[in-house]
Protein chains: 2
Amino acid sequence: MTAEERRGPAEGVDSVLSALADPTRRQLLDLLAAQGEATATTLAEGLPVSRQAVVKHLAVLEAAGLVSGARVGREVRYAVRPAALDATARWMSSLAVEWDRRLAMIKRLAEAAEREEG
Amino acid sequence: MTAEERRGPAEGVDSVLSALADPTRRQLLDLLAAQGEATATTLAEGLPVSRQAVVKHLAVLEAAGLVSGARVGREVRYAVRPAALDATARWMSSLAVEWDRRLAMIKRLAEAAEREEG
DNA sequence: TCGACGTGCAACCATAGAGTTGCGTCCGAT
DNA sequence: ATCGGACGCAACTCTATGGTTGCACGTCGA
């Protein structure tokens with residue numbers, strides 16, 4: 001159980017959303033997904049930022065449960081984790097459905113009121 | 001066509017994600033969805049921030065296509081817009097699927113290599 | 001017409017966070 | 001034993017942005 005999975009859904013959504021809000025971080029995730037596994041040093045070579053910047057981003061992503069890192073000898077290999085992303089997608093999707101529902105209801109009420117007054 | 005819909009999917013995802021990353025903004029969306037329609041002044045009464053802060057947040061949300069405001073007399077009524085939210089949910093969901101696909105492929109490759117060496 | 005209410009605009013403050021550099025440490029290979 | 005590569009930590013800069021206050025403008029109603 002990761003630190004992310006220990007929290008409730010609201011906390012998770014918050015951390016995932018703010019993690020994904022940064023374009024550099026999304027780029028990092030693309031690279032990581034493409035390579036399957038990579039170290040901070042390697043990833044930094046494919047980005048216009050320093051290794052330290054990448055390290056910080058990876059820490060944020062790991063705290064959000066979007067990646068996980070494992071030490072292998074003197075290096076740390078990171079990989080992508082779909083679970084948190086999927087959970088947030090579901091949250092967002094159900095929210096959209098809820099909005100649709102409410103808007104439809106309001107529209108019905110408005111039409112009913114209109115018929116009422118004639 | 002809103003300013004949001006005129007841009008590509010990448011731009012849209014970026015603006016929606018950074019808009020949703022702020023907790024006050026999410027709270028604002030909850031209020032709006034619950035009330036169906038509301039003005040900045042009204043919304044500010046239900047939040048621990050000033051009306052001006054709410055106005056700024058609404059501007060960000062509108063730029064992301066998550067809400068739309070319409071002038072009615074001396075007030076501006078805002079309402080929630082599911083489309084952009086739904087599009088971002090789909091983007092996120094397909095990304096999760098893609099990650100799963102890649103991870104599965106890497107796992108297969110690893111197992112194949114393992115059999116290879118015996 | 002005039003007062004009250006809701007907006008819009010501008011200046012300003014403060015903090016979070018993205019990025020950098022420098023250095024110490026640890027591990028692996030020669 | 002030691003050299004080099006990868007990591008971790010800390011201090012620092014700088015910008016974006018969430019928040020505030022003050023004031024001017026337009027609109028509705030008495």
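Proteins come first, then strands; the chains are lettered A, B, ... in the order of their sequence lines, and each starts at number 1.
Helical stems of DNA chain C (runs of at least 3 Watson-Crick or G-U pairs, donor-acceptor distances under 3.5 Å) are listed by first residue: C:1-30 with D:1-30.
Atom CG in A/L43 sits roughly 14 Å away from atom P in C/dG19 (whole-Å rounding). The interatomic distance linking A/L17 (CG) with C/dG17 (P) rounds to 14 Å, in whole Å. Across the protein-nucleic acid pair, B/Y78 atom OH and C/dG6 atom P stand 15 Å apart, rounded to whole Å. When rounded to the nearest whole Å, the span between CD of B/E75 and C1' of D/dC25 equals 17 Å. Taking atom CG on A/L28 and atom C1' on C/dG17, their separation rounds to 16 Å, with Å as the unit.
Grouping the Ile, Leu, Val, Met, Phe, Trp and Tyr side chains by contacts below 4.5 angstrom, directly or via other members, places B/V13 with A/L31. Clustering ILVMFWY residues whenever any of their side-chain heavy atoms sit less than 4.5 angstrom apart, transitively, puts B/V60 in a cluster other than the one holding B/L17.
B/L20 places a side-chain heavy atom less than 4.5 Å from the side chain of B/L66. Between B/Q52 and B/K56 there is no side-chain heavy-atom pair separated by less than 4.5 Å. B/H57 has its side chain out of reach of B/L43: every pair of non-hydrogen atoms, C-beta onward, lies at least 4.5 Å apart. Counting heavy atoms from C-beta on, the side chains of A/V54 and A/L58 come closer than 4.5 Å.
With rounding to the nearest 0.5 angstrom, the OG atom of B/S93 is 8.0 Å from the CG atom of A/L85. In this structure, CG in A/D86 is found 10.5 Å from CH2 in B/W99, a value given to the nearest 0.5 Å.
As judged by a 4.0 angstrom heavy-atom cut-off over every strand, A/V76 is placed among residues touching the sugar-phosphate backbone only.
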Could you pull out the protein-nucleic contacts involving nucleotides 26-30 of chain D (nitrogen or oxygen on both sides, under 3.5 Å)?
{"from": "D/dT27", "atom 1": "O2", "to": "B/R74", "atom 2": "NH1", "distance (Å)": "3.4"}

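Checking side-chain atoms of B/R77 against main-chain N and O of B/E37 turns up no donor-acceptor pair under 3.5 Å. Proximity of a side-chain donor or acceptor of A/E62 to a complementary backbone N or O of A/G69 within less than 3.5 Å is detected.
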Response to the item:
Nucleotide by nucleotide, nucleotides 17-22 of chain D touches protein heavy atoms under 4.0 Å in the pattern (B base, S sugar-phosphate only, - none) -SBBBB
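The shortest heavy-atom contact between B/L103 and A/V80 is CD1-O, 3.6 Å.
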